[in-house]
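Before any comments, here is the structure.
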There are 2 protein chains.
Amino acid sequence: MVKNTGQPAYLQIADDLRAQIRGGSLAPGTPLPSTTKLAEQYDASLSVVKLAVGVLRTEGLVIGQQGKGVFVRAADELPLAPEVGDELAELRATVQDLAVRLAKVEEQLATSTTRRSGRSSR
Amino acid sequence: MVKNTGQPAYLQIADDLRAQIRGGSLAPGTPLPSTTKLAEQYDASLSVVKLAVGVLRTEGLVIGQQGKGVFVRAADELPLAPEVGDELAELRATVQDLAVRLAKVEEQLATSTTRRSGRSSR
DNA sequence: GTGAGCAACATAGTTAACCTAGTTGGCTCG
DNA sequence: CGAGCCAACTAGGTTAACTATGTTGCTCAC
């Protein structure tokens, strides 16, 4: 990991963890892997993992406890409707995908129209 | 500044900025001072200011634009709107529409470049 | 056996440095 | 005069090092 989609690494990791939480793969009350573990797991630096966890923390999805770990918050006290977060993550991914594809198209279009003559329309 | 309320510096700054936004002292659409200015203003390091702005960014209170500045979001679209679901649905529709249109464009582009010769360049 | 202390590991905060990338405005040169 | 380059400023991302602080379990001395 972490790929290449133009999405920053710490957001990718945050999205992934968020998806795992929303999806139940990380149940409420259970601790996330430690930051060093996550760093290895995602093949990222400690810093970006800390950033990712920080995002989830400010989102309220997760609560860090010094010396113990980072725990998934109980579903009852989750900040937003669970589906909203889900949809948001999905939408983010989709939008990112669209952005990348559009950029490619734009580039192709630019080079071809330049070569071919003026442009049509718009 | 900052402290020493036990509250970490970056949260104090984030809180202060949030208060200014909520209080109208920083109107929607207006840019925050640049990160370097904020760092001087709060007598903090660049790093903590960046963290503080990052918090507001993930909260959606503020939108950063590379090269220009960090702008206060319009009051209409400020967070915690109860009709978040509505906005989400709308966004979903828009994204779907974009995806379809983009797919068409990509297809046209692919066939035309293929037909006309090998692809060009780059 | 029990308690004190210590080592190892955990999150959290702070700072600094470096790099990327977008915007803007001014200056130079053709 | 205009086009294009360039310098200065902007936010954003990444990494690394250091510090602080809390938790837990082990060992060792008594």
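Letters A, B, ... are given to chains in the order of the sequence lines, protein chains preceding strands, and every chain is numbered from 1. Note that the structure is predicted; figures quoted are calculated from it, not measured.
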Heavy-atom side-chain proximity of A/R18 to A/V55 below 4.5 angstrom: yes
Distance, rounded to the nearest Å, where A/L32 contributes CG and C/dA12 contributes C1': 15 Å
Short side-chain N/O contact to D/dT14 OP1/OP2 from A/S45, under 4.0 Å: no
A/Y42 OH - D/dT14 C1' separation (whole Å): 18 Å
D/dT14 phosphate, OP1 or OP2, under 4.0 Å from A/Y10 side-chain N/O: no
No-hydrogen, no-angle side-chain donor-acceptor test under 3.5 Å, A/Q20 and A/D16: yes
Side chain of A/T35 (C-beta onward), nearest among D/dT23, C/dT11, D/dT15: C/dT11
Selected nucleotide, minimal atom distance to B/K37 side chain, candidates C/dT14, D/dT10, C/dT11: D/dT10
Rounded distance in Å - CD (B/Q7) to P (C/dT14): 10 Å
Sugar-phosphate only, base, or nothing, as touched by A/S47 at under 4.0 Å among non-hydrogen atoms: base
Rounded distance (Å) that lies between atom C1' of D/dT15 and atom CG of A/D43: 14 Å
Side-chain touch A/L38/A/I13, heavy atoms, less than 4.5 angstrom: no
Below 4.0 Å: OP1/OP2 of C/dT11 and any side-chain N or O of A/R57: no
Under-4.0 Å side-chain N/O to phosphate OP1/OP2 contact, A/T36 with C/dC9: no
Side chain to side chain, B/R73 and B/L61, heavy atoms closer than 4.5 Å: no
Check: B/Q66 side chain, C/dA21 base, donor-acceptor under 3.5 Å: yes
Short side-chain to backbone donor-acceptor contact, A/Q65 and A/F71, under 3.5 Å: no
Between C1' of D/dA17 and CG of A/L46, the distance in whole Å: 11 Å
For atom CD of B/Q65 and atom P of D/dG13, their distance in whole Å: 14 Å
Toward the 5' end of DNA chain D, by each residue's nearest nucleotide, B/K50 or A/G67: B/K50
Interatomic distance, A/K68 NZ vs D/dG22 P [rounded to whole Å]: 13 Å
Nearest-angstrom distance from the residue atom CZ of B/F71 to P of D/dT10: 12 Å
